[in-house]
Amino acid sequence: MTEPSQGPDDGLELPPMPEPPIASDCCGGGCADCVYTIYDRQIYEWQQRVKELRREHAEKISGPQT
């Protein structure tokens with residue numbers, strides 16, 4: 001197995017990605033808070049958090065801007 005390439009996420013611990021629902025989790029009843037709607041919301045929030053963590057990490061490793 002090869003080593004992963006070095007990149008901007010080196011040393012950055014990201015939160016785990018939300019687990020997708022399985023087909024049997026959805027009742028098919030058109031619920032307002034369907035498991036798929038909740039999952040979509042969780043993915044969006046996760047993506048925003050990862051983006052913020054990566055930005056903070058990039059700022060930290062690049063040092064202060066003068």
Side-chain angles (χ1 to χ4, degrees):
M1 183 182 277
T2 61
E3 286 291 315
S5 62
Q6 300 294 326
D9 289 344
D10 290 343
L12 176 62
E13 189 171 332
L14 298 175
M17 187 175 199
E19 291 289 326
I22 56 175
S24 63
D25 288 342
C26 177
C27 70
C31 303
D33 280 331
C34 175
V35 294
Y36 292 112
T37 304
I38 293 168
Y39 175 68
D40 287 345
R41 192 176 315 129
Q42 289 172 337
I43 286 292
Y44 175 79
E45 291 168 358
W46 177 82
Q47 289 170 334
Q48 296 305 307
R49 181 67 182 138
V50 166
K51 184 177 178 180
E52 179 67 16
L53 288 169
R54 286 182 171 150
R55 183 191 61 76
E56 291 171 2
H57 183 70
E59 287 176 357
K60 185 189 298 183
I61 62 173
S62 68
Q65 301 295 319
T66 57

TODO: Treat each ILVMFWY residue as a node, draw an edge where side-chain heavy atoms are under 4.5 Å apart, and state whether V50 and Y39 are in one component.
DONE: yes

TODO: Answer yes if M17 and L12 sit in the same cluster of Ile, Leu, Val, Met, Phe, Trp and Tyr residues linked by side chain heavy atoms under 4.5 Å apart, and no otherwise.
DONE: yes

Task: Close side-chain approach of C26 and P21, heavy atoms under 4.5 Å - done: no

Out of curiosity, [X] [atom1] to [Y] [atom2], how far, rounded to the nearest 0.5 Å?
| X | Y | atom1 | atom2 | value |
| --- | --- | --- | --- | --- |
| I43 | E19 | CD1 | CD | 9.5 Å |
| R49 | L14 | CZ | CG | 9.5 Å |
| Q42 | T37 | CD | OG1 | 11.0 Å |

Task: Exercise: identify the closest heavy-atom pair between E13 and L53 - done: O-CD1, 4.4 Å

Task: Qualifying residues under side-chain hydrogen bond (donor to acceptor under 3.5 Å, both in side chains), relative to R55, sequence neighbours excluded - done: E52, E59

TODO: For atom OH of Y36, decide whether the heavy atoms of other residues, nucleotides or ligands shown that lie under 6.0 angstrom number more than 12.
DONE: yes

